[in-house]
Amino acid sequence: RIQQLTKEAPLPVELDFEVPPKEKDEKQQQQQQQPQPKPQTRESRERAETQRLQALLRELEAEGLLPATVFVFSRRRVECLAAEMPNIDVCTAAEKSKIHIFLK
């Protein structure tokens, strides 16, 4: 019976149907409403990182939690961070003296 119906069906077969619009969840709606931020450049990311590190060091100093160790896995970045923070003083005079004597 099915074979007979398919043989009798006119070709091509046309079907009329509507695809319901896809509903957007809240997250997608918020993303569309907010303007997209510009992509950050390397310099702006590094500047922001330096500012965050300076703020962290100031906070640690205020809380009396120095000395602290910060790991940076790039020699170039360590040198840049050191050059960008010449005014941050994390050692007392006595500690500076001990460092100076040790390095001699």
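Scope of the values below: all heavy atoms of this structure, side chains included, with no hydrogens, waters or symmetry mates.
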Can you hop from [X] to [Y] via hydrophobic side chains spaced under 4.5 Å?
X   : Y    : result
L66 : V72  : yes
I99 : I101 : no
L56 : V78  : yes

| query | Does a sphere of radius 6.0 Å around CZ in R76 hold more than 12 heavy atoms from other residues, nucleotides or ligands, not counting ones at 6.0 Å or beyond? | reply |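 Check passes, neighbour count above 12.
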Please report the interatomic distance [atom1]([X]) to [atom2]([Y]), rounded to the nearest 0.5 Å.
X   : Y   : atom1 : atom2 : value
Q54 : E59 : CD    : CD    : 14.0 Å
E49 : S44 : CD    : OG    : 11.5 Å
R58 : L53 : CZ    : CG    : 10.0 Å

| query | Within the distance-only criterion (no hydrogens, no angle test), does the side chain of T50 pair as donor or acceptor with the backbone N or O of E46 below 3.5 angstrom? | reply |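 Present.
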| said: Working note: K96 + H100, criterion side-chain contact (heavy atoms from CB on, under 4.5 Å); need CA distance, chi angles, decisive distance, verdict. | reply: CA-CA 6 Å; K96 287 180 189 177; H100 183 70; over 6 Å; no
